[in-house]
> 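My questions all concern the structure below.
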Number of protein chains: 2
Amino acid sequence: MSLSTTTACNQSEAETPQLLLKNQVCFSLYSASNALIRSYRPLLSALDLTYPQYLTMMVIWEKSGINVKDLGHDLHLDSGTLTPLLKRLEAKGFITRERSDEDERVRLVFLTTQGQQLKSQAESVPEAIFCKSQLPMTELQQLKASCEKLLANLKK
Amino acid sequence: MSLSTTTACNQSEAETPQLLLKNQVCFSLYSASNALIRSYRPLLSALDLTYPQYLTMMVIWEKSGINVKDLGHDLHLDSGTLTPLLKRLEAKGFITRERSDEDERVRLVFLTTQGQQLKSQAESVPEAIFCKSQLPMTELQQLKASCEKLLANLKK
DNA sequence: ACTAAAAAGATTGTGCACAATATACTTGTA
DNA sequence: TACAAGTATATTGTGCACAATCTTTTTAGT
């Protein structure tokens, strides 16, 4: 068996069903992820945020003063993605990027007052997305659990 | 309730649990999708393909002569993504891009001999990814079904 | 103290995604 | 048969993701 789920029917499928788009788990995941991010767009552009910026702000709302390495660990992103993203968040006034005094290599990211204010504006976003998804909470939780398991297995 | 699944514990979570990264279904989906595409990378670079190019080739293996609009419909991508991607596939010699005779606006995409040969090289990829995922087939099928349902709901 | 190795970020380059817009062609309707 | 509206694709610009590489700083072993 393969990651492509087979449901053979006609001849062309019988030959290499694992290479049909409709049998690809990853394609479904990829399309759903793209679609979900697309659904966030109108809500987040009102806050002047992209989806990856919104995720980053979530970490900073929780852990102001975090460094880039830990941020990357939490978000599963590297400095090549985060450095320019953080510069854009800084340019918008939501965060500041300061060097650590103990270790000059380390960049610490702090929430600004404006960044703090953004959080209250963002509070209605999760509910709005839940409505758009039109899926029962139990199914969403199951989906989340499977994605987390898959991610953990791929990281091994 | 919201798309962020709550599992309240400490004080900071109790305030706005729906804005915690660990409660975001979309973040799990996004991270798992990125990780899966990352896992494909070493397998596909041996074929000189990226993951979106691989998906595109799947459609063309099945439907040589398809136009850009139908390709975009199948892949949930637009011409802004597909036009440059198809040009790269053409530059690699896997496809040709020809104008339709009946309607000069339409671009038809055909498989080349080299593109056909690529298919047999790709046949081992799905199995390899299935192994990397380390998830039972039933869970993968469930994951796929939920993603498809979510995508369909978001498209409405 | 000196230096090799390691660590933290930053930089560069490629390839998506996608919004917005532009261009070329086709079709329906007066 | 003009011509407005619609359609198919292409172009432009922004912001990720990520590999590869580089710089700066720290740490460890001598």
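Each chain gets a letter, A, B and so on, in the order the sequences are listed, and its residues count up from 1.
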> With sequence neighbours excluded, tell me which residues meet side chain to side chain donor-acceptor pair (under 3.5 Å) with B:Thr56.
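In terms of side chain to side chain donor-acceptor pair (under 3.5 Å), with neighbours along the sequence ignored, B:Thr56 is linked to no residue.
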> When the axes are fitted on five pairs at both termini, how much does the helix from C:dA1-D:dT30 to C:dA30-D:dT1 curve, in 10° steps?
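Between the axes fitted at each end of the helix from C:dA1-D:dT30 to C:dA30-D:dT1 lies an angle of 10°.
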> Starting from P on C:dA19, measure out to CG on B:Leu82 and report it in whole angstrom.
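In whole Å, C:dA19 P lies 14 Å from B:Leu82 CG.
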> Using atom CG of B:Leu71 as one end and atom C1' of D:dA8 as the other, report the distance to the nearest whole Å.
13 Å
> I'd like a list of close polar pairs between nucleotides 11-15 of chain C and the protein, N/O only, cut-off under 3.5 Å.
unit_1	atom_1	unit_2	atom_2	d
C:dT11	OP2	A:Lys87	NZ	2.6

> So which pairs with a foot in residues 28-43 of chain B pass salt bridge (Lys or Arg N to Asp or Glu O under 4.0 Å), sequence neighbours left out?
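Listed by first then second residue: nothing to list.
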> Filter on salt bridge (Lys or Arg N to Asp or Glu O under 4.0 Å), then keep only pairs touching residues 81-96 of chain B, sequence neighbours left out; what's left?
B:Asp48-B:Lys92, B:Glu90-B:Arg97
> With sequence neighbours left out, write down each residue that passes ring pair (Phe, Tyr, Trp, His ring centres under 6.0 Å) with A:Tyr54, or none if nothing qualifies.
A:Tyr40
> To the nearest angstrom, how far is A:Glu90 atom CD from C:dA10 atom P?
10 Å
> Can you pull out every salt bridge (Lys or Arg N to Asp or Glu O under 4.0 Å) where at least one residue sits in residues 69-86 of chain A? Sequence neighbours excluded, please.
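Listed once each, the pairs are A:Lys63-A:Asp74.
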> With B:Ser100, which residues qualify under side chain to side chain donor-acceptor pair (under 3.5 Å), at least two apart?
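Per chain and number, B:Ser100 pairs via side chain to side chain donor-acceptor pair (under 3.5 Å) with no residue.
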> Atom CG of B:Leu77 to atom P of C:dC18: distance rounded to whole Å?
6 Å
> Provide the full list of salt bridge (Lys or Arg N to Asp or Glu O under 4.0 Å) pairs with a residue in residues 103-116 of chain A, sequence neighbours left out, each pair given once.
A:Asp103-A:Arg105
> Could you work out, with salt bridge (charged side-chain N to carboxylate O under 4.0 Å, His left out) as the rule, every residue matching B:Lys132, not counting sequence neighbours?
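Salt bridge (charged side-chain N to carboxylate O under 4.0 Å, His left out) check on B:Lys132 returns nothing, list empty.
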> Measure the distance from CG on B:Leu44 to P on C:dC16 and round it to the nearest whole Å.
11 Å
> To the nearest Å, how far apart are A:Asn67 CG and D:dT26 C1'?
15 Å
> If only atom types and distance count, is the side chain of A:Asn67 paired as donor or acceptor with the main-chain N or O of A:Val106 below 3.5 Å?
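Between the backbone of A:Val106 and the side chain of A:Asn67 there is no qualifying donor-acceptor contact (under 3.5 Å).
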> Counting just side-chain N and O atoms, does B:Arg38 come under 4.0 Å of either OP1 or OP2 of D:dC18?
yes
> Suppose we screen for side chain to side chain donor-acceptor pair (under 3.5 Å). Which residues come up paired with A:Gln114, at least two apart in sequence or across chains?
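Expected list: none.
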> Distance check: side-chain N/O of A:Tyr30 vs OP1/OP2 of C:dA17, anything under 4.0 Å?
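It does, given that an N or O in the side chain of A:Tyr30 lies less than 4.0 Å from OP1 or OP2 of C:dA17.
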> Using a strict heavy-atom distance below 4.0 Å, which residues from residues 95-108 of chain A are in contact with DNA chain D?
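Under 4.0 Å from DNA chain D: A:Glu102, A:Asp103, A:Glu104, A:Arg105.
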